[in-house]
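Before any comments, here is the structure.
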Amino acid sequence: MVTAERPFHLVVFGASGFTGQFVTEEVAREQVDPERSSRLPWAVAGRSREKLQRVLERAALKLGRPTLSSEVGIIICDIANPASLEEMAKQAAVVLNCVGPYRFYGEPVIKACIENGASCIDISGEPQFLELMQWKYHEKAAEKGVYIIGSSGFDSIPADLGVIYTRNKMNGTLTAVESFITIHSGPEGLSIHDGTWKSAVYGFGDQSSLKKLRNASNLKPVPLVGPKLKRRWPISYCRELKSYSIPFMGSDVSVVRRTQRYLYENFEESPVQYAAYVAVGGITSVIKLMFAGLFFLFFVRFGIGRQLLIKFPWFFSFGYFSKQGPTQKQLDAASFTLTFFGQGYGQDIGADKNKPNLKICTQVKGPEAGYVATPIAMVQAAMTLLNDASDLPKAGGVFTPGAAFSKTKLIDRLNKHGIEFSVISSSEV
């Protein structure tokens, strides 16, 4: 894949941004992975050479790699300069795009990559952007034979691949899955950088565009197998986890549904119904989140409200989001558990009139979600793209992680890098 004209396997675009610096560190770790059998030429890209140099120097210090800066290419490019994006794309086999919010900055990168023969992976959790890019660019990417894969961080690789893993582990037909995300923090609590907050503010402020897009795409509904999965109340109690839960407002449901449609339409695999929730603990957490949610939903409807939400993230999110992001201590102490409860039918039972007779519980566990697990997922998605070419969809296109990677070794790679998939229980009802 590396030639004199296209010298880099991977280019981290936005490497000096908050998340980009963690992705840079993760690529540097991958570069010296003892299981690697070949070189991994890579580069960082962004507007400022000085900032990119500083990120490489920090990574070198953190990883004990004094020569790192001299091993990594630097590409100067700017989202506002299409010619510079094209120059970057011409030099990369895969671009890791870390520049968000993607609804504002994602499309020019995808366009440059498709036109110049590079694949592109991003970590967007913005359904409108993800669905619009598939609608606009899938055929163009397929013509060029490149892969554009969104939502390849904590949103939504654990959920998307977790549903596929659960289906593969069930001895029968999986028909419905509910997932519950639990975020664990240490004594210093949690903090999320306000870049994620901005994406949420703009996404919720423009939900009507997503509805219009879905109406315009005019997709036929996929068949319903087994009884319809009932939606829980906005606040419900999960007996198995002994915790209250609220609906998960990220991209997981949108991404999983697109994957299930793809697997049904292309491989005639039985589609799985899916719902996603966040386990929030006791009633005190519920009350705190209710107030934060009501504030958010009220202010996000107005232009001036959105400006206030963006200016004061710490205040409006009750301390969960900040302009500084988490400290290293907070990152080290945090982790996540994503638990899946699935139901379905044994191989000899028809789904027509019978009640589901199989249950399965699986889990995906990993380190801190936003800045440790996300870079691991993104980089391992890229390594899968580079190394498992024969197991990818035959032509290129714009894909969800599950659509692109369901036949690959991505789950094995994630298991080896600390994002672990396991079966907790499986039983006949």
Side-chain angles (χ1 to χ4, degrees), residues 156-182 220-233 236-248 252-279 336-366 391 400-412 414-415 419-429:
S156 293
I157 277 183
D160 204 13
L161 274 293
V163 171
I164 288 168
Y165 175 84
T166 306
R167 186 203 66 200
N168 292 346
K169 292 296 179 185
M170 181 174 253
N171 194 18
T173 303
L174 181 69
T175 61
V177 174
E178 289 183 316
S179 73
F180 294 82
I181 177 73
T182 308
K220 280 195 305 194
V222 295
L224 195 67
V225 181
K228 188 173 184 194
L229 182 62
K230 287 179 184 161
R231 286 172 76 169
R232 290 172 178 256
W233 290 94
S236 64
Y237 189 74
C238 176
R239 282 201 310 274
E240 295 87 346
L241 298 178
K242 298 184 174 64
S243 170
Y244 285 95
S245 69
I246 59 173
F248 179 61
D252 287 358
V253 172
S254 157
V255 171
V256 169
R257 283 180 183 163
R258 285 166 56 217
T259 294
Q260 292 305 313
R261 171 180 291 282
Y262 172 84
L263 295 174
Y264 168 71
E265 290 176 351
N266 290 273
F267 300 103
E268 295 181 359
E269 290 179 12
S270 180
V272 179
Q273 301 172 67
Y274 177 67
Y277 301 93
V278 185
F336 77 87
T337 305
L338 187 54
T339 307
F340 299 85
F341 297 103
Q343 63 179 30
Y345 296 89
Q347 287 162 338
D348 50 347
I349 305 276
D352 305 337
K353 288 173 187 161
N354 299 301
K355 278 188 173 177
N357 72 324
L358 290 183
K359 283 194 173 181
I360 188 169
C361 174
T362 61
Q363 262 182 5
V364 180
K365 282 184 164 183
D391 299 320
T400 59
F405 299 128
S406 68
K407 315 296 181 197
T408 68
K409 298 185 181 74
L410 177 56
I411 289 175
D412 296 340
L414 294 170
N415 273 319
I419 298 176
E420 295 167 1
F421 292 66
S422 62
V423 177
I424 304 302
S425 65
S426 182
S427 63
E428 203 163 316
V429 180

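Values below: every heavy atom of this structure, side chains too, minus hydrogens, waters and symmetry copies.
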Could you check Tyr165 against Thr362 for side-chain contact (heavy atoms from CB on, under 4.5 Å), going step by step and ending with a plain yes or no?
CA-CA 8 Å; Tyr165 175 84; Thr362 61; 4.1 Å; yes
For the residue pair Asn415 and Glu420, what are the closest heavy atoms and their distance?
OD1-CA, 3.1 Å
In the structure I gave you, are the side-chain heavy atoms of Leu263 and Ile164 within less than 4.5 Å of one another anywhere?
yes
Under 4.5 Å between any side-chain heavy atoms of Pro271 and Val225, yes or no?
yes
Within the distance-only criterion (no hydrogens, no angle test), does the side chain of Gln343 pair as donor or acceptor with the backbone N or O of Ala176 below 3.5 angstrom?
no
Under the side-chain contact (heavy atoms from CB on, under 4.5 Å) criterion, do Phe405 and Asp160 qualify, and how do the steps go?
CA-CA 10 Å; Phe405 299 128; Asp160 204 13; over 6 Å; no
Measuring only between side-chain heavy atoms, which start at C-beta, is Ile157 closer than 4.5 Å to Ile419?
no
Please report the closest heavy-atom contact between Ala276 and Asp252, naming both atoms and the distance.
CB-CB, 4.5 Å
Which residue in the set Lys359, Arg232, Lys230 passes salt bridge (charged side-chain N to carboxylate O under 4.0 Å, His left out) when paired with Glu178?
Arg232
Does the side chain of Leu174 reach to within under 4.5 Å of the side chain of Thr166, using non-hydrogen atoms?
yes
Within a strict 4.5 Å, meaning less than it, do heavy atoms of the Val256 and Ser156 side chains meet?
no
Could you go through the side-chain contact (heavy atoms from CB on, under 4.5 Å) check for Thr339 and Leu241 one step at a time?
CA-CA 9 Å; Thr339 307; Leu241 298 178; 4.2 Å; yes
Applying side-chain contact (heavy atoms from CB on, under 4.5 Å) to Phe340 and Ile360, what does each step give before you reach the verdict?
CA-CA 8 Å; Phe340 299 85; Ile360 188 169; over 6 Å; no
Any side-chain to backbone donor/acceptor pair from Arg261 onto Lys220? Under 3.5 Å, distance only.
yes
Taking the six-membered ring of Phe421, is NZ or CZ of Lys169 closer than 6.0 Å to its centre and within 45° of its axis?
no
Of Asn171, Thr173, Leu358, which is the lone residue that meets side chain to side chain contact (heavy atoms under 4.5 Å, CB included) with Gln347?
Asn171
Can you check whether Lys409's main-chain N or O pairs, donor with acceptor, with Asp391's side chain at less than 3.5 Å?
no
Quick one, Glu240 and Phe341 - any side-chain contact, counting heavy atoms below 4.5 Å?
yes
Measure across Ala279 and Thr182 and return the closest heavy-atom pair with its distance rounded to 0.1 Å.
CB-OG1, 3.6 Å
Residue pair Gly162 / Val364: nearest heavy atoms and the distance that separates them:
CA-CG2, 4.2 Å
What are the two closest non-hydrogen atoms of Pro158 and Phe336, and how far apart are they?
CG-CZ, 4.2 Å
Can you confirm if the aromatic rings of Tyr244 and Tyr237 lie within a centre distance of less than 6.0 Å?
yes
Would you call the rings of Tyr277 and Phe180 parallel, tilted or perpendicular, where under 30° means parallel and over 60° means perpendicular?
parallel
